[in-house]
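Computation of the quantities below employed the complete heavy-atom set of this structure, encompassing side-chain atoms and omitting hydrogens, waters and symmetry-equivalent molecules. This one's a predicted model, so the numbers in the text were calculated from it and none came from an experiment. Throughout, protein chains are lettered first and strands after them, A, B, ... in sequence-line order, and every chain is numbered starting at 1.
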Protein chains: 2
Amino acid sequence: MQELTSMRLTTQRQIILEELSKVTSHPTANEVYDMVRRRLPRIGLGTVYRNLELMAETGMILKLEVGGTQKRFDATVAPHYHVRCLECGKVDDIKMQVQHNINETAAQASQYQILGHHIEFTGLCSDCATSTHQASIN
Amino acid sequence: MQELTSMRLTTQRQIILEELSKVTSHPTANEVYDMVRRRLPRIGLGTVYRNLELMAETGMILKLEVGGTQKRFDATVAPHYHVRCLECGKVDDIKMQVQHNINETAAQASQYQILGHHIEFTGLCSDCATSTHQASIN
DNA sequence: TTTTATTTGAGAAGGTTTATCATCTGGTAT
DNA sequence: ATACCAGATGATAAACCTTCTCAAATAAAA
């Protein structure tokens, strides 16, 4: 794993973290790339991927391996849950208590050494709920 | 969405479902392809992807959009939770009660129309827990 | 400043999934 | 049985996301 101590403070790194911290959406690597490119037009996509991965390893940010095809990133490190819209793929936070106790239940119900859990709710965001409803009328 | 009524019962479809039903692991599309190919050597990878997707749409099987790079499939349709090994990527079932109540909690805590949830535990399977432990001794 | 190990940008490569399309086939009607 | 046809298949290409490679650039230490 990457050591925090040996990580240089490059402009690219700072701006990637700054831009990710600005939003509460959970952007994909490519969306972060678009955000960062407005300030650093010559940055490479590989640099964004490399640094998001690195920051996730050191725990500076969260890598969300949720449903959908792409990985998403989150500057909020504290454990919390997510909802994903089945229609548009948008991911939002769910502000509810973290169920610490279920890790033990899972540990007892399996042969695994349980290290954590993540809950992903699925449903329709307010925008898509409206349009889907309208579509079902037609 | 694909209608069950208009789905032909092709040999390929039957065997894909049969092979998936045989295992309790949660194979990726490529793993299903390998399993099916032993009985239908001329089947195409696209056919496997197409049918797994189709069966997931009709609810015949479950498509797991869990962490890791690849999607995994499951012949057990009843709601249940999963553990993923952080080391080897293996996915197993967790036999614990489904927390029906948390959907309401999530609905109240968000603007989404909540349709369901999935819990993915992360940890180390017994094999990897051993080898990782040994590695940390060295 | 000079040095050096790390990082970058550009592009290639890898891996997974989806799309395309001529051919084939299961199910139905004849 | 046979013919028909919408739907399915297999082969291949394409799309997509992510990782790798490496010469050039650069942050940080000497």
Side-chain angles (χ1 to χ4, degrees), chain A residues 1-20 26-58 60-61 63-73 84 89 91, chain B residues 1-20 26-58 60-73 84 88-89 91:
Chain A
M1 200 217 253
Q2 179 69 22
E3 305 257 341
L4 265 171
T5 51
S6 66
M7 266 185 82
R8 284 200 207 151
L9 282 86
T10 63
T11 315
Q12 289 84 344
R13 241 160 234 175
Q14 284 173 252
I15 294 187
I16 288 171
L17 187 56
E18 277 177 31
E19 290 299 313
L20 184 61
H26 302 72
T28 62
N30 206 72
E31 287 167 349
V32 174
Y33 176 54
D34 286 341
M35 289 154 57
V36 170
R37 216 161 21 150
R38 291 200 285 268
R39 293 174 61 186
L40 284 180
R42 299 191 47 79
I43 197 173
L45 178 58
T47 303
V48 174
Y49 268 99
R50 199 186 312 122
N51 283 310
L52 287 172
E53 191 61 39
L54 231 47
M55 293 184 205
E57 274 181 24
T58 58
M60 297 170 69
I61 65 172
K63 176 165 65 167
L64 303 187
E65 302 199 343
V66 295
T69 40
Q70 299 165 72
K71 281 167 190 156
R72 292 171 174 276
F73 297 87
R84 177 168 52 94
V91 174
Chain B
M1 200 218 252
Q2 178 68 22
E3 305 256 343
L4 265 171
T5 52
S6 67
M7 266 186 82
R8 285 205 210 147
L9 282 87
T10 63
T11 315
Q12 289 83 345
R13 239 160 236 173
Q14 284 173 252
I15 294 185
I16 288 170
L17 186 56
E18 277 177 32
E19 290 300 313
L20 184 60
H26 300 72
T28 62
N30 205 72
E31 286 167 350
V32 174
Y33 177 54
D34 285 341
M35 288 154 57
V36 170
R37 217 164 16 155
R38 292 200 284 268
R39 294 174 60 187
L40 284 180
R42 300 191 48 79
I43 197 172
L45 178 58
T47 302
V48 175
Y49 269 100
R50 199 187 313 122
N51 282 311
L52 287 172
E53 191 61 39
L54 231 47
M55 292 184 207
E57 276 182 23
T58 59
M60 296 170 69
I61 65 171
L62 230 59
K63 176 165 67 169
L64 304 186
E65 302 199 342
V66 295
T69 41
Q70 300 166 71
K71 282 167 189 156
R72 290 172 175 275
F73 297 87
R84 178 168 51 94
C88 69
V91 174

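Looking at every heavy atom in both residues, B:Tyr33 comes nearest to B:Ile43 through CE1-O, 3.5 Å. Between B:Gly67 and A:Glu65, the shortest heavy-atom contact is CA-OE1, 3.2 Å.
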Original post:
When you check every protein heavy atom under 4.0 Å of nucleotides 21-30 of chain D, what one-letter string (B, S, -) results, 5' to 3'?
Top reply: -----BBS--
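Ion pair B:Glu18/B:Arg39 flagged as a salt bridge, since at least one NZ, NE, NH1 or NH2 atom sits closer than 4.0 Å to an Asp/Glu carboxylate oxygen.
At whole-Å resolution of the value, OH in A:Tyr33 and C1' in C:dG11 are 12 Å apart. In this structure, A:Ile15 atom CD1 and C:dT8 atom P are separated by 12 Å, rounded to whole Å. Following rounding to the nearest Å, B:Arg13 (CZ) and D:dG7 (P) show an atom-to-atom distance of 11 Å. When the C1' atom of C:dG9 is taken as reference, atom CZ of A:Arg37 falls 13 Å away, rounded to whole Å. At whole-Å resolution of the value, CD in B:Glu31 and P in C:dT17 are 11 Å apart. Rounded to an integer number of Å, the gap from B:Leu54 CG to D:dG7 P is 12 Å. One can place CD of A:Glu57 at 12 Å from P of C:dT7, the figure rounded to the nearest angstrom. Atom-to-atom, CG of B:Asn51 to P of C:dT17 comes out at 15 Å; the value is rounded to the nearest Å.
Remark: the backbone N or O of B:Thr28 is paired with a side-chain donor or acceptor of B:Glu31 at under 3.5 angstrom. The closest donor-acceptor contact from the side chain of A:Arg72 to the backbone of A:His26 lies under 3.5 Å. Proximity of a side-chain donor or acceptor of A:Arg13 to a complementary backbone N or O of A:Arg8 within less than 3.5 Å is detected.
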What pairs of nitrogen or oxygen atoms, one from the protein and one from nucleotides 17-19 of chain D, lie under 3.5 Å apart?
from: D:dC17; atom 1: OP1; to: A:Gln70; atom 2: NE2; distance (Å): 3.1
from: D:dT18; atom 1: OP1; to: A:Lys71; atom 2: N; distance (Å): 3.0
from: D:dT18; atom 1: OP2; to: A:Tyr49; atom 2: OH; distance (Å): 2.3
from: D:dT18; atom 1: O5'; to: A:Tyr49; atom 2: OH; distance (Å): 3.3

Original post:
Given the rule in the side-chain contact (heavy atoms from CB on, under 4.5 Å) test, do A:Lys71 and A:Leu52 qualify, once you have shown the distances and angles that lead to the verdict?
Top reply: CA-CA 10 Å; A:Lys71 281 167 190 156; A:Leu52 287 172; over 6 Å; no
Subject >> Chi angles and distances behind the salt bridge (Lys or Arg N to Asp or Glu O under 4.0 Å) call for B:Glu19, B:Arg38 >> reply: CA-CA 10 Å; B:Glu19 290 300 313; B:Arg38 292 200 284 268; 5.0 Å; no
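Taking the side-chain hydrogen bond (donor to acceptor under 3.5 Å, both in side chains) definition, one finds that B:Asp34 meets it with B:Arg37, sequence neighbours left out.
Side-chain nitrogen and oxygen atoms of B:Gln12 include at least one within less than 4.0 Å of the OP1 or OP2 phosphate oxygen of D:dG10.
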